[in-house]
2 protein chains.
Amino acid sequence: MARKDDHPRPALTVDVVVFTILDSDLKLLLIRRDLEPYRDSWALPGGFVREDEDLMRAAERELTEETSLPREHVFLEQLYTFGAPARDPRERVVSVAHYALVRPELVPLARAASDAAETRWYSVASELPGLELAFDHEQIVELALERIRGKLDYAPIGFELVPRTFTVSELRGVFEAIKGTSYDPANFRRRFRRMLTDKVIEEAPGKRQTGARPATVYRFTAGG
Amino acid sequence: MARKDDHPRPALTVDVVVFTILDSDLKLLLIRRDLEPYRDSWALPGGFVREDEDLMRAAERELTEETSLPREHVFLEQLYTFGAPARDPRERVVSVAHYALVRPELVPLARAASDAAETRWYSVASELPGLELAFDHEQIVELALERIRGKLDYAPIGFELVPRTFTVSELRGVFEAIKGTSYDPANFRRRFRRMLTDKVIEEAPGKRQTGARPATVYRFTAGG
DNA sequence: TCAATAGTGTCTTTCAGACAGTATATA
DNA sequence: TATATACTGTCTGAAAGACACTATTGA
């Protein structure tokens, strides 16, 4: 193995792909860069990892710094590490990408945080396709989308994108927004019923009006 | 964002969890360290990422350097990045972990490569449980195991651990070794038949004797 | 002949997709 | 009253687990 100074030390950053759902549409948080390179381009929130800072902590910090969201209410997970030598034109920067899922009820808080840089939620389906992002961020976003689409069916990540209590329709809306397809309401309800008998979710007090008629409200059981 | 020298630059390594199957048993390649820290402990093959070297390339290089396996015959994928500040007692080292799947027919080549450091295949089921590995390598191995166990059912990674041509029993043996459970031979064969009609695999010439009676030999179709 | 594996078929359960149909709210 | 959504149930087909059964080889 090489001695201490025989190897280069690339700069290390974390980037976070922040998703939410607004108006039944999957959105992604982007920040307009005010520095070169890629000045005025849209980019993912992110920044350098500090000394003695764990990667996940760094991602949390960047997330709260740039969105002012309380960390405990946001789902955050490591995605993939991007280290192509020329992904940053200035110098070598290796980035540990993460993705975050933000409940729609918290989005107003995020909006308020746009004091320094310009911040915007982009629709994944309708606004993102034409957009050129800074660095390799398009690639990172693409992988994050693949990840959440694949994971939605076997991990309870859908619950991270609805309010604490939700109706069957609301959860179905999340699935449809992520997958980009529509689900049969009756069949989706059946999956839902199974989660209910499996105690994954439970009924919550009250009713909510999302359609033509008040619907039963539920909440996610685990870690409630 | 911070200016160029406002952030620390941790050392960057890649580590590779190398799996194979020998005697129907899942094995893991470990190397005995001959330097401090953790001298004489067993550790994952790995090392520093070089200048202008992509992460995947670095993992490939470490793999071939330490096992002398031809890269094109080995499945290699990024696993997770480990960056706890104190994971290396000397200084901060962030490691991008990968995992590799090696066909058993290539293992003799790997054995021959143990010229410099001591290299050994450890049985995951019977030898690993008691063993203390260097750094956080136990944690990395644990995550790699979770990953391949989860991925086995929906991705064609099982084919990476059998010879180019294989019998139904051999493939079942791989599944059993990875999952640590036994599969009903008849039911497994049915899954196999479906892959055959879906053209995922195809019949290969010849027969092979693995049990009491010669069995039909198959090969993986895609990327053959 | 016996033991062991190769290979086939069947019964049952689970779950998804398609879709008919009932119930209850608002406009 | 019309209609949109909430909610229930039924039919069909795909796939997995359990397991009985036949076929073919070596010892």
Pair B:Phe75-B:Phe159, ring-ring contact (aromatic ring centres under 6.0 Å, His included): steps then yes or no: CA-CA 10 Å; B:Phe75 175 91; B:Phe159 302 114; over 10 Å; no
Send over the distance from [X] [atom1] to [N] [atom2], rounded to a whole Å.
X: A:Phe175; N: C:dG17; atom1: CZ; atom2: P; value: 12 Å
X: A:Leu196; N: D:dT8; atom1: CG; atom2: C1'; value: 15 Å
X: B:Phe192; N: D:dA15; atom1: CZ; atom2: P; value: 16 Å
X: B:Lys207; N: D:dG26; atom1: NZ; atom2: C1'; value: 16 Å
X: A:Gln209; N: C:dT24; atom1: CD; atom2: C1'; value: 10 Å
X: A:Arg208; N: C:dT26; atom1: CZ; atom2: P; value: 17 Å
X: B:Phe188; N: C:dT8; atom1: CZ; atom2: P; value: 15 Å
X: B:Leu171; N: C:dA6; atom1: CG; atom2: C1'; value: 15 Å

Donor-acceptor pair under 3.5 Å: do we get one between [X]'s side chain and the base of [N]?
X: B:Arg213; N: D:dA23; result: yes
X: A:Asn187; N: C:dA18; result: yes
X: B:Arg189; N: C:dG9; result: no
X: A:Arg190; N: C:dG17; result: yes

Quick one: does any side-chain atom of A:Glu105 pair with a main-chain N or O of A:Arg164 as donor and acceptor, under 3.5 Å?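 Yes, because the side chain of A:Glu105 sits within donor-acceptor range (under 3.5 Å) of the backbone of A:Arg164.
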Could you tell me whether the side chain of A:His137 and the main chain of A:Leu44 form a donor-acceptor pair under 3.5 Å?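 Yes; at least one donor-acceptor contact below 3.5 Å.
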D:dA6 phosphate, OP1 or OP2, under 4.0 Å from A:Ser169 side-chain N/O: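 Yes.
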For C:dG7, does OP1 or OP2 lie under 4.0 Å from any side-chain N or O of B:Thr216?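 Indeed, a polar side-chain atom of B:Thr216 lies that close.
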By nearest heavy atom, map B:Arg194 and B:Asp184 onto DNA chain D; which one lands nearer the 5' end?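 So the residue in question is B:Arg194.
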Ionic contact status for A:Asp153 with A:Arg191, cut-off 4.0 Å: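 Salt bridge present between A:Arg191 and A:Asp153.
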B:Tyr218 or A:Tyr183, whichever maps to the more 5' nucleotide of DNA chain C: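 Upstream on the strand: B:Tyr218.
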Heavy atoms only, 4.0 Å cut-off, all strands: where does B:Thr210 land among base, sugar-phosphate and nothing?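 Sugar-phosphate, no base atom in range.
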Indicate, with a heavy-atom threshold strictly under 4.0 Å, whether A:Arg193 touches base, sugar-phosphate, or nothing.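 It contacts sugar-phosphate atoms only.
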Check whether the ring centres of B:Phe135 and B:Phe82 lie less than 6.0 Å apart, and answer yes or no.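 Judged by ring-centre distance (under 6.0 Å), B:Phe135 and B:Phe82 do not meet the cut-off.
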